Amino acid sequence: MARQHRPADRALHFDTLSIKYGEGATPGEPEPGDVVSPIHLATTFAVDEVIEDRDWTEYEPEHNEFVYSRLANPTRHALEKRLAALHDADYGFAFAAGLSAISATIMSTVEPGDHVVAFEQVYSGTDMMLRELFDARLDVDVTFVDAADTDAVADAVGPETALVWMESPTNPRMKLCDIAAIADIAHDHGATLGVDNTFMSPYFQQPLELGADVAVDATTKFLNGHTDSTGGAVVTDDDDIADELWRLQVVGYGCGLPPFDCYLVLRGLKTFPLRMREHEANATAIAEYLDDHEGVSRVFYPGLESHPQHDLAESQTSGHGGVLSVELDATYDEAIAFIEALDVIELAVSLGGVETLAEHPASMTHNTIPRAERERMGISDSLLRLSIGIEHVDDLIADLESGFAAIE
């Protein structure tokens with residue numbers, strides 16, 4: 001049985017939950033008065049008594065729940081409670097990486113012979129896992145569709161579909177899907193809808209509220225926010241999925257998030273709402289600056305009215321996040337020169353930290369994809385993805401000006 005984490009006090013606001021929820025005394029121990037959860041590094045815990053016929057891999061709330069740190073750890077427990085609270089979910093799970101969270105979610109919802117429908121521009125690690133593991137080795141049929149077109153999803157889902165896997169927005173073109181409409185399609189066919197919510201985070205988008213059965217976030221990104229911890233989160237209200245995730249986390253994979261990383265994410269979450277507001281404010285200002293620049297062909301940011309799915313973004317999110325992509329009016333060599341002229345903005349993969357990062361998909365995250373396929377996906381040689389941090393926006397714009405000066 002998985003642990004339920006939904007807050008008893010539903011009156012608390014998101015900002016308060018981000019700071020306080022889940023931290024407190026360890027059950028069965030005196031209250032030390034810690035304002036923040038300590039890092040519990042113990043691998044094993046003393047138990048009070050011998051309990052006959054107990055399955056130690058199951059959570060039994062009537063007994064001391066901490067037995068072995070892979071099965072349950074107080075620091076991880078605190079984080080999982082907070083993750084569930086921020087998603088308004090019954091259950092939360094912290095995994096060692098975003099990809100392990102995704103793989104556990106898929107493993108908990110499909111079996112050999114099933115069919116999966118996925119957004120064609122999902123995270124590259126998810127794409128590879130679906131193609132090379134589930135489709136090629138585990139007898140799970142996978143269909144990729146342009147889920148920005150809801151009708152394409154409806155056409156792909158059938159009687160054998162067990163899982164519909166979405167991201168909104170996608171990387172790097174920032175394409176959205178209508179989560180609520182796709183939830184209806186999935187549920188009409190008895191399928192589970194999973195949503196990778198990493199780009200928006202629970203601050204700006206609540207997939208479960210929109211109808212998703214399970215949502216995943218890479219805690220590596222905005223939830224932690226400090227580029228010093230790798231991890232993943234899964235939340236759900238579904239009892240059966242939660243039980244499968246629990247057993248995969250502690251028995252099947254053994255990939256729960258380590259205590260020190262749990263502590264880092266708990267620390268990062270204390271400033272999470274403040275950071276997200278600043279990420280969005282800076283991203284909006286930079287998107288508008290780039291949208292008006294003569295050296296730019298196109299900006300991909302849902303907060304711009306020029307984004308083809310701006311209205312959908314307005315209807316299913318409370319904000320537009322801190323990630324955007326820009327297509328320079330430039331050649332491949334000029335795009336590289338632009339990046340190399342940047343100083344404040346650093347060239348790196350990943351996103352969601354307090355620092356602004358630039359990434360060149362054609363030579364980095366998507367360089368293994370043949371050029372023709374990249375171009376079909378809209379990933380040109382001059383496309384850059386920017387994860388906008390919380391530095392002063394004037395410094396970021398001045399740095400971008402240096403990039404444009406380098407290719408004039």
Side-chain angles (χ1 to χ4, degrees), residues 120-125 127-128 146 148 167 169-176 198-199 221 227 279 282-304 306-309 320-408:
E120 67 177 1
Q121 290 193 21
V122 292
Y123 165 58
S124 59
D127 182 283
M128 183 179 297
D146 180 1
E167 287 184 21
T170 60
N171 174 31
R173 286 288 299 273
M174 305 298 291
K175 297 176 74 172
L176 311 181
T198 296
F199 271 35
K221 313 311 198 254
T227 322
H279 282 301
N282 280 356
T284 299
I286 289 172
E288 291 173 347
Y289 155 77
L290 291 170
D291 203 36
D292 289 336
H293 200 286
E294 61 183 11
V296 169
S297 296
R298 191 173 179 185
V299 178
F300 302 93
Y301 184 64
L304 293 177
S306 59
H307 191 284
Q309 296 170 294
H320 306 294
V323 182
L324 61 91
S325 291
V326 54
E327 191 171 67
L328 304 176
D329 184 10
T331 64
Y332 178 94
D333 290 339
E334 288 172 335
I336 300 303
F338 180 97
I339 294 170
E340 291 177 345
L342 300 176
D343 182 35
V344 176
I345 301 171
E346 297 179 278
L347 177 64
V349 297
S350 199
L351 57 101
V354 293
E355 60 284 307
T356 299
L357 302 177
E359 190 260 328
H360 183 237
S363 67
M364 297 171 74
T365 53
H366 294 70
N367 70 327
T368 59
I369 301 173
R371 177 185 295 273
E373 179 64 12
R374 285 204 309 266
E375 291 176 351
R376 188 194 69 79
M377 296 168 63
I379 301 173
S380 70
D381 285 347
S382 64
L383 183 71
L384 307 180
R385 189 192 71 194
L386 301 176
S387 173
I388 306 301
I390 63 173
E391 305 94 338
H392 196 288
V393 70
D394 290 348
D395 293 331
L396 297 175
I397 291 175
D399 205 35
L400 291 169
E401 288 285 359
S402 299
F404 285 113
I407 60 175
E408 287 180 350

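Index from 1, following the sequence. Every value quoted in this text rests on a predicted model; they were computed, and no experiment measured them.
Taking the side chain as every heavy atom from C-beta outward, Asp381 and Thr331 never approach each other to under 4.5 Å. At a threshold of 4.5 Å between non-hydrogen side-chain atoms, the residues Thr227 and Glu355 count as touching. Annotation: side chain of Leu396 is in contact with side chain of Ile345 (closest heavy-atom distance under 4.5 Å). Taking the side chain as every heavy atom from C-beta outward, Leu400 and Phe338 approach each other to under 4.5 Å. Within the 4.5 Å cutoff, the side chain of Pro172 has heavy atoms near those of the His366 side chain.
Using a distance-only test at 3.5 Å, with no hydrogens or angles considered, a donor-acceptor pair links the side chain of His279 to the main chain of Ile388. With hydrogens and angles disregarded, no donor-acceptor distance shorter than 3.5 Å links the side chain of Asp399 to the backbone of Leu342. Judged purely by atom type and a 3.5 angstrom limit, Asn282 uses its side chain to pair as donor or acceptor with the backbone of Gly389. Under a 3.5 Å cut-off, the side chain of Thr170 and the backbone N or O of Lys175 do form a donor-acceptor pair. With His307 contributing its side chain and Met174 its backbone, the two residues share a donor-acceptor pair below 3.5 Å. A donor-acceptor pair under 3.5 Å links the side-chain atoms of Glu359 to the main chain of Thr365, judged by distance alone.
Of all heavy-atom pairs between Ala283 and Gly321, the closest is CB-O, 3.6 Å. Considering all non-hydrogen atoms of both residues, Gln121 and Met377 come closest at NE2-O, 3.1 Å. Counting all heavy atoms, side chain and backbone alike, Thr198 lies closest to Lys221 at CG2-CG, 3.3 Å. Closest heavy-atom contact between His360 and Leu383: CD2-O, 3.4 Å. Across all non-hydrogen atoms, the minimal contact from Glu327 to Ser380 is OE2-OG, 2.8 Å. Of all heavy-atom pairs spanning Ile407 and Ala330, the tightest one is CD1-CB, 4.3 Å.
Between Val296 and the options Asp291, Val326, Asp329, a side chain to side chain contact (heavy atoms under 4.5 Å, CB included) holds for only Val326. Of the residues Ile286, Val323, Leu290, Leu324, the one that meets the side chain to side chain contact (heavy atoms under 4.5 Å, CB included) test with Tyr301 is Leu324.
Of the inter-residue distances, the one linking Arg374 atom CZ with Asn367 atom CG reads 7.5 Å to the nearest 0.5 angstrom. In this structure, CD on Glu288 lies 10.0 Å from OG on Ser306, to the nearest 0.5 angstrom. Between atom OG of residue Ser297 and atom CG of residue Leu328 there is a gap of 7.5 Å, rounded to the nearest 0.5 Å. In this structure, Ile336 CD1 and Ser382 OG are separated by 10.5 Å, a value rounded to the nearest 0.5 Å. A distance of 14.0 Å separates CZ of Arg385 from CZ of Phe300, quoted to the nearest 0.5 Å.
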Exercise. Begin from the C-alpha positions of Glu167 and Phe199 and carry the test side chain to side chain contact (heavy atoms under 4.5 Å, CB included) through to its verdict.
Key: CA-CA 9 Å; Glu167 287 184 21; Phe199 271 35; 5.9 Å; no
Quiz item: What do the steps show when you test His320 against Thr284 for side chain to side chain contact (heavy atoms under 4.5 Å, CB included), and what is the final call?
Solution: CA-CA 8 Å; His320 306 294; Thr284 299; 5.6 Å; no
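Glu408 meets the salt bridge (charged side-chain N to carboxylate O under 4.0 Å, His left out) test with no other residue; sequence neighbours excluded.
Aromatic ring pairs are classed by plane angle as parallel below 30°, tilted from 30° to 60° and perpendicular above 60°; the pair His293 and Phe404 is parallel.
The number of heavy-atom neighbours closer than 6.0 Å to CE of Met128, taken from other residues, nucleotides and ligands shown, is 12 or below.
A donor-acceptor pair shorter than 3.5 Å can be found between the side chains of Glu391 and Thr356.
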